[in-house]
Every structure is written in C-alpha cells, then in structure tokens.
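Shown next, in structure tokens, is the structure this report addresses.
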Amino acid sequence: MALPPPSNEVVEYVRASTGVNEKRIKEAVQQLKAWLKLQPHLPHDYDEGRLERRYIWCKASIERTKSSLDMYYTLRNAVPDILSNRDPLKPWFEQITSLSYCLPLPKLTEECHRVVLLGNIDPDATKFNLLDVFKLIFMVGDVRFSEDCCVADTYIVDMANFGLGHISKTTITAVKKLEVCAMKGYSARIRGIHYVNVPAYADVVINLTRSVMKPKIAARIHVHSKGLESLHEKVSKKVLPKEYGGDAGTITELWDAWKKKLISYRGWFVDQDKMKADESKRPGKKIESGDIFGFEGSFRQLSVD
C-alpha cells in the first residue's frame with residue numbers, strides 16, 4: 001500500500017508526543033469545527049480526521065491550528081499556480097509524475113517520523129516545471145492530512161537527475177512560495193532535510209533553500225556528498241527503498257501506488273478548487289500577498305527586515 005493505515009499503537013504514540021489523549025483530541029476537534037462555522041470568509045466543512053492531524057501537527061495548539069486553517073484557505077488565492085487546478089486526470093499531472101516524484105515511504109521510523117523522498121525520474125529539464133512539482137508536493141500533503149499519522153517529517157532530496165537546466169528554473173520566489181505554503185498553510189514539522197547524490201553545482205540550490213528557511217529548519221539541512229553511509233546513520237535502512245540499500249520496495253513500485261492514490265482523490269481535488277478564503281467577507285483587515293510572503297508587489301523581491 002502507498003500509505004498503510006496506522007496501528008493503534010502508532011496513533012497513541014503520536015498523540016502522546018504532543019501531550020494529548022483521545023478525549024482532548026475530540027474536544028479540540030469540536031472547538032475547531034465550531035470556530036470554523038463562525039468565520040464568514042472560510043469554508044465551514046472540514047473533515048474531523050483532517051482536523052485532528054492538523055491539530056497534532058500544530059503541536060496541540062488551538063490558536064496555532066486556527067491560524068494554519070485560515071492560511072490554508074487564504075494561500076489558495078495567493079498561490080493558485082501551486083494550490084489550484086489540481087485535477088490529476090489533466091495532462092499536467094501525467095507529465096510531472098513521469099518526470100518527478102514526491103514519495104512518502106510506507107514505513108515509519110522508530111520515532112514515528114514519515115520519510116519523504118523527492119527526486120527526478122527523467123533528467124530532461126526542458127519538460128520540467130518547478131511549480132508543478134510543488135503542486136504535486138501539496139497534493140501529496142493533502143492526502144496525508146486525510147490518512148497519515150506521524151510525529152514529523154524527514155525529507156530526502158535526491159539530486160541524481162537534477163542538472164543545470166533544473167537549477168536555471170529554480171528561483172528564490174518559487175522556493176519562498178514553497179516554504180510559506182509548507183510552514184504556514186500545511187503546518188509542516190520538519191526534523192531533517194537530507195540531500196543525496198549532490199553534484200558540485202547544486203550548492204546554489206541548497207544555499208538558496210537555506211536562505212528562505214527559518215534558522216531552526218536551515219540548521220537541519222544535511223548534505224551527504226560521500227555516499228549513503230552518513231544517511232544510514234540518520235535514517236534506518238528498514239524504512240528506505242532498495243535504491244538506498246533498504247527493504248521498502250523500489251521507488252518505481254512505490255511511486256506507481258502513490259500516483260493511483262492521488263488519482264483516487266480526483267473528486268476531492270476538483271471540489272477543493274472552490275474552497276478558498278473570501279477576502280470580501282473577512283472580518284477586519286484584508287490579507288494581501290505581501291503580508292504573507294514578505295514580497296513587494298507581485299513577488300518581485302524579498303523585503304529585508
């Protein structure tokens with residue numbers, strides 16, 4: 001399976017990691033549902049399982065979860081090139097999933113972290129669209145809100161098929177959009193980002209990523225330039241696919257299963273295009289793009305504090 005259902009032991013471990021139990025979870029979910037119904041600018045229906053996962057990934061903070069939910073819907077207006085038009089039966093999906101992957105691995109680590117692989121299948125940069133990759137990442141994230149149960153994420157970025165043509169398409173504006181959507185809209189809890197198979201010229205991308213991340217997350221970026229031994233010290237082989245010396249199957253097999261899972265959510269993704277914040281109904285000050293991203297105008301440049 002692409003994402004096996006969590007055992008009762010995993011559910012209890014994840015809840016305990018944030019200091020909550022089933023009773024507190026149910027109370028929090030009802031509070032959040034009641035709060036949503038009072039927000040004139042937000043959609044009012046949100047699945048209880050998704051609310052639980054968002055609450056846990058917001059470290060069991062009601063106020064942080066409210067902020068995350070608001071931003072989740074607000075960002076759909078601010079970055080439609082990533083968070084809208086996500087029909088997996090359209091040509092863009094077939095193209096990007098044949099070029100790149102965003103692959104959550106089926107086995108959790110002992111600490112109940114989910115390991116997610118990012119990489120390219122095809123080295124041809126002429127067909128590569130970075131924003132479509134980011135769109136794919138957040139589609140996977142939305143499925144995980146519905147099904148996953150984990151404490152945090154560990155990312156492995158494989159740069160084996162990442163060439164100069166890909167680097168030329170990687171801009172600070174795009175990477176900043178990714179960071180803001182992940183941290184503010186999707187409540188990402190990132191315990192590590194590991195780069196493997198890194199060519200010398202990829203330093204520019206890694207440094208660019210560090211530059212837009214908060215210092216705490218930037219400090220968790222690791223570059224494994226001398227093989228996979230140092231990666232295995234951080235991530236158990238039991239969790240990894242065969243290509244990384246592990247036991248979790250091949251990337252091709254696992255990615256095929258995930259593509260089918262994403263397509264199975266087609267109705268949900270199409271319906272979600274209508275689910276956005278309505279700024280005309282927002283109480284108080286309306287939110288502008290520059291308020292979210294720290295950019296002047298339409299993402300023209302970073303504002304420096």
Side-chain angles (χ1 to χ4, degrees), residues 1-4 10 13-14 17 57 99-123 128 130 133-134 136-137 140-141 144 148-164 166-167 170 175 178-179 182-183 186 188-258:
M1 285 190 231
L3 199 62
V10 166
Y13 182 96
V14 170
S17 73
W57 289 345
L99 294 173
S100 305
Y101 54 85
C102 172
L103 178 56
L105 297 176
K107 296 180 182 178
L108 292 169
T109 67
E110 291 183 1
E111 300 84 8
C112 281
H113 295 176
R114 182 70 64 192
V115 178
V116 182
L117 300 184
L118 299 169
N120 289 333
I121 302 163
D122 188 334
F128 179 80
L130 183 64
V133 172
F134 293 169
L136 183 63
I137 288 171
V140 169
R144 292 183 60 206
D148 204 357
C149 184
C150 64
V151 172
D153 289 343
T154 294
Y155 288 89
I156 298 174
V157 184
D158 192 330
M159 306 198 76
N161 289 320
F162 197 90
L164 292 171
H166 298 91
I167 288 178
T170 304
V175 176
L178 173 70
E179 188 267 343
M183 304 308 294
Y186 281 73
R189 296 183 67 181
I190 300 173
R191 290 296 168 85
I193 302 174
H194 301 270
Y195 286 87
V196 298
N197 298 317
V198 182
Y201 54 77
D203 283 353
V204 62
V205 172
I206 297 170
N207 290 335
L208 185 153
T209 303
R210 282 196 173 108
S211 73
V212 301
M213 294 285 184
K214 292 181 178 179
K216 180 174 70 173
I217 304 299
R220 295 173 183 171
I221 293 176
H222 309 278
V223 179
H224 304 275
S225 56
K226 297 179 180 179
L228 298 176
E229 287 186 9
S230 56
L231 175 67
H232 294 154
E233 293 173 3
K234 302 287 186 180
V235 182
S236 169
K237 290 182 182 181
K238 294 178 182 178
V239 177
L240 297 171
K242 290 183 178 179
E243 290 85 347
Y244 296 89
D247 307 317
T250 68
I251 290 175
T252 299
E253 292 167 343
L254 297 168
W255 186 227
D256 283 345
W258 257 98

Audit row: I167, V204, side-chain contact (heavy atoms from CB on, under 4.5 Å) steps and yes/no | CA-CA 8 Å; I167 288 178; V204 62; 3.6 Å; yes

Atom CD1 of I156 and atom CG of L240: how far apart are they, to the nearest 0.5 Å?
-> 5.0 Å

Are the side chains of F162 and V205 in touch, meaning some heavy atoms are under 4.5 Å apart?
-> yes

Compare all side-chain heavy atoms of H166 with those of L130 and state whether any distance is below 4.5 angstrom.
-> no

Nearest non-hydrogen partners of M213 and A218, listed with the distance | CB-N, 4.0 Å

Non-hydrogen atoms of L105 and P241 that approach each other most closely | CD1-CD, 3.8 Å

Can any side-chain N or O of W57 pair as donor or acceptor with the backbone N or O of C150 at less than 3.5 Å?
-> yes

Flag side-chain contact, heavy atom, 4.5 Å: I221 against H194 = no

Which atom names give the shortest non-hydrogen contact between S17 and V151, and what distance separates them?
-> OG-CG2, 3.6 Å

Does the side chain of F128 come within less than 4.5 Å of S100's, by heavy atoms?
-> yes

Say whether, by atom type as modelled, one donor and one acceptor occur between the side chain of N120 and the main chain of D122 under 3.5 angstrom.
-> no

Does a side chain donor of either Y201 or D203 reach within less than 3.5 Å of an acceptor in the other side chain?
-> no

Would M159 and V196 count as a side-chain contact (heavy atoms from CB on, under 4.5 Å) if you check the C-alpha gap in whole Å, the side-chain angles of each, and the deciding distance to 0.1 Å?
-> CA-CA 6 Å; M159 306 198 76; V196 298; over 6 Å; no

Within the distance-only criterion (no hydrogens, no angle test), does the side chain of R189 pair as donor or acceptor with the backbone N or O of D153 below 3.5 angstrom?
-> no

Please tell me if the side chains of I206 and R210 come closer than 4.5 Å, counting only heavy atoms from C-beta onward.
-> yes

Between NE2 of H224 and NE2 of H232, what distance do you get to the nearest 0.5 Å?
-> 10.0 Å

Donor-acceptor pair, W258 side chain versus A2 backbone, under 3.5 Å?
-> yes

Roughly how far, to the nearest 0.5 Å, is the CG atom of L99 from the CG atom of N161?
-> 10.5 Å

Gap between atom CD1 of I217 and atom CD1 of I193 - 0.5 Å precision | 7.0 Å

Non-hydrogen side-chain atoms of S236 and T109 separated by less than 4.5 Å = no

For C149 and V14, run side-chain contact (heavy atoms from CB on, under 4.5 Å): C-alpha distance rounded to whole Å, both residues' side-chain angles, the deciding distance at 0.1 Å, then the answer.
-> CA-CA 7 Å; C149 184; V14 170; 3.8 Å; yes

Could you please spell out the steps behind the side chain to side chain donor-acceptor pair (under 3.5 Å) verdict for D158 and Y244?
-> CA-CA 10 Å; D158 192 330; Y244 296 89; 2.5 Å; yes

So with a 6.0 Å cut-off around NZ of K107, is the heavy-atom count from everything else above 12?
-> yes

Walk me through it: do T252 and Y101 pass the test side-chain contact (heavy atoms from CB on, under 4.5 Å)?
-> CA-CA 10 Å; T252 299; Y101 54 85; over 6 Å; no

Is the side chain of R191 donor-acceptor paired with the backbone N or O of Y155 at a distance under 3.5 Å, no angle test?
-> no

4.5 Å side-chain heavy-atom contact, D256 and E253 = no

Taking only residues two or more places apart in sequence, or in another chain, which ones meet D247 in a side-chain hydrogen bond (donor to acceptor under 3.5 Å, both in side chains)?
-> none

Rounded to the nearest 0.5 angstrom, the CZ-SG distance for R144 and C102 is 8.0 Å

Is there a donor-acceptor pair closer than 3.5 Å between any side-chain N or O of E243 and the backbone N or O of I251?
-> yes

For the student: nearest non-hydrogen atoms of L108 and R114, plus distance = CD2-CZ, 3.4 Å

Can you name the nearest heavy-atom pair linking T170 to L208, along with the distance?
-> O-CD1, 4.2 Å

How many angstroms lie between CG in L118 and CG in L103, if you round to the nearest 0.5 Å?
-> 9.0 Å

Kindly indicate whether the side chain of P104, heavy atoms from C-beta on, has any atom under 4.5 Å from the side chain of V115.
-> no

